[in-house]
Visitor: 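If you scroll down you'll find the structure; I have some questions about it.
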Protein chains: 2
Amino acid sequence: MASRNRQESGKENLRQEIMDAARELFVAEGYASVSMRKIADKIGYSPTTIYLYFKDKSDLLHQICEQTFAHLAQNIKSIQQLSDNPLEKLRSGLREYVYFGLKHPSQYEIVFITPLPHKFESDFDETNGRVAFDTMRDVVAECVSDNLLKTKDVELISQTLWAGIHGITSILIQHEHFPFVERDKLIDNVIDTLIIGTKA
Amino acid sequence: MASRNRQESGKENLRQEIMDAARELFVAEGYASVSMRKIADKIGYSPTTIYLYFKDKSDLLHQICEQTFAHLAQNIKSIQQLSDNPLEKLRSGLREYVYFGLKHPSQYEIVFITPLPHKFESDFDETNGRVAFDTMRDVVAECVSDNLLKTKDVELISQTLWAGIHGITSILIQHEHFPFVERDKLIDNVIDTLIIGTKA
DNA sequence: CAAAATAGCTTAACACTGTTAATTTAATTT
DNA sequence: AAATTAAATTAACAGTGTTAAGCTATTTTG
């Protein structure tokens with residue numbers, strides 16, 4: 001291995017080390033109450049070292065979100081390949097989204113719930129978040145071309161479905177004390193309602 | 001400035017003055033980027049004066065939210081009285097919820113979106129936000145007793161509907177830069193989908 | 001091989017933040 | 001007029017994100 005490559009990988013290692021430490025802290029204590037100094041302490045570096053790898057604190061959060069988005073997109077794709085029925089693909093994708101959030105509540109909170117700093121008006125087209133959304137939209141398009149839905153507006157339906165599953169996921173995560181009905185029953189009902197409401 | 005007439009402005013007046021200034025700033029610039037000093041400047045008082053009326057910054061926002069959500073509960077009730085048809089009452093209530101959230105994004109964010117590690121979680125049952133939810137549930141019960149819905153489980157339906165409208169409200173507020181379809185069309189479609197999906 | 005260049009990290013500092021304690025000023029009561 | 005109380009302020013603390021400059025060890029070069 002050339003020395004130039006060792007340098008590169010060394011730099012990338014520290015970059016990943018920072019992200020791991022930051023994600024752990026963000027998940028445990030929340031984005032706002034985790035300082036750059038705290039992150040630096042955790043990995044044994046000076047606070048300003050982080051700025052050699054990330055533009056600022058919100059950029060660091062943004063990069064962590066990208067990794068989680070990628071994880072979610074991967075999961076949804078895998079799950080959907082298990083079925084040939086477009087409507088069943090759609091349903092399993094929606095379910096996977098919700099349960100992914102419930103399985104990683106802190107990470108879902110960071111990526112989808114926590115109010116993002118007004119700073120980065122990032123191009124959503126480049127993010128893995130958009131990739132995950134596009135995966136679902138492709139299945140919606142499949143349903144539309146099979147004339148399974150009430151309208152052919154793929155974008156409208158996809159965004160409606162996303163609103164629905166994000167809604168149930170986030171309230172289950174956040175209002176944990178709320179006297180919800182049985183969790184799986186509620187999730188199923190939300191997804192059933194959404195699908196029935198969009199079917200032909 | 002020292003010759004400010006303090007006789008006319010009693011303690012309660014200043015308290016409300018602080019809330020008005022803070023709400024204006026929170027809405028315009030976002031909760032996080034508004035400092036206590038900025039609020040104090042706006043009303044011509046010292047920053048620490050605010051602490052004579054509010055425990056801390058989050059308490060200040062919490063009080064603002066209570067006022068705002070008292071309005072929401074009131075609005076929903078008023079809107080629903082305009083119709084006799086239970087399903088139309090339901091629809092107008094759902095619409096009012098969403099548009100109220102979009103009209104007061106900062107307040108909605110802190111009450112229904114922002115993760116709150118404070119004591120606030122247990123206060124939820126006492127908030128006007130909860131009152132608003134109960135108002136909607138009453139209308140759902142009305143629909144159920146008229147045999148208009150697919151199931152008689154009032155709690156299940158109410159929570160499903162809440163998940164849906166919270167979902168669309170929060171993503172519209174938070175993911176401001178997502179390429180949404182036309183906003184009103186999307187909101188209508190979400191509500192239509194929810195109602196169709198729960199109708200008999 | 002020594003000198004120059006560079007990559008990687010740190011130290012010091014700035015302009016902020018929320019918040020508390022002590023203190024001053026103004027109004028009210030005695 | 002003096003004492004008391006209420007209201008608002010000043011000063012300070014401990015913390016924040018972030019930038020600029022400096023240091024050190026390694027790599028590149030003449």
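Only a predicted model underlies this, so the values are computations on that prediction, with no experimental measurement involved. Every chain is numbered from 1, with letters handed out A, B, ... down the list of sequences.
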Visitor: Are A/Phe69 and A/Phe112 close enough that their ring centres sit under 6.0 Å apart?
Guide: yes
Visitor: Base, sugar-phosphate alone, or nothing: which one does B/Ser35 contact when heavy atoms must sit under 4.0 Å apart?
Guide: sugar-phosphate
Visitor: Give the nucleotide from the list C/dC9, D/dT19, D/dT9 with an atom nearest to the side chain of A/Tyr51.
Guide: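 The answer is D/dT19.
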Visitor: With no angle test and no hydrogens, is the base of D/dG17 tied to the side chain of A/Arg37 by a donor-acceptor pair under 3.5 Å?
Guide: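 Per atom types, the contact qualifies.
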Visitor: Using a strict 4.0 Å threshold on nitrogen-to-oxygen distance, state whether B/Asp134 and B/Arg137 make a salt bridge.
Guide: yes
Visitor: Could you tell me the separation between the CG atom of B/Asp56 and the P atom of C/dT20, rounded to a whole number of Å?
Guide: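 It works out to 8 Å between those atoms.
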Visitor: Please confirm whether any donor atom in the side chain of B/Thr48 sits under 3.5 Å from an acceptor in the base of D/dT10, or the reverse.
Guide: yes
Visitor: Rounded to the nearest Å, what distance is computed from the CG atom of residue A/Asn13 to the C1' atom of nucleotide C/dG8?
Guide: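 So the CG-C1' distance, A/Asn13 to C/dG8, works out to 14 Å.
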Visitor: Would you mind telling me which of C/dT19, D/dA8, D/dT18 lies closest to the side-chain atoms of B/Tyr53?
Guide: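 Side chain of B/Tyr53 sits closest to D/dA8.
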Visitor: For the side chain of B/Met36, counting heavy atoms from C-beta on, which of C/dT19, D/dA8, C/dT10 is nearest?
Guide: C/dT19
Visitor: Can you find a side-chain donor-acceptor pair between A/Gln63 and A/Gln16 that sits under 3.5 Å?
Guide: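 No - no donor-acceptor pair under 3.5 Å links their side chains.
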Visitor: Which of these nucleotides, C/dT17, D/dT9, C/dC9, is closest to any side-chain atom of A/Tyr45?
Guide: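 My answer, after comparing the listed nucleotides, is C/dC9.
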Visitor: Should D/dA11 form a Watson-Crick or G-U wobble pair with both distances under 3.5 Å, which nucleotide is its partner?
Guide: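 Because both required distances fall under 3.5 Å, D/dA11 counts as paired with C/dT20.
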Visitor: Nearest to the B/Ser46 side chain among C/dT19, D/dG17, D/dT10, which nucleotide is it?
Guide: D/dT10
Visitor: Would B/Ser58 and B/Asp56 count as having a side-chain donor-acceptor pair, cut-off 3.5 Å?
Guide: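 Note: B/Ser58 and B/Asp56 side chains meet the donor-acceptor criterion.
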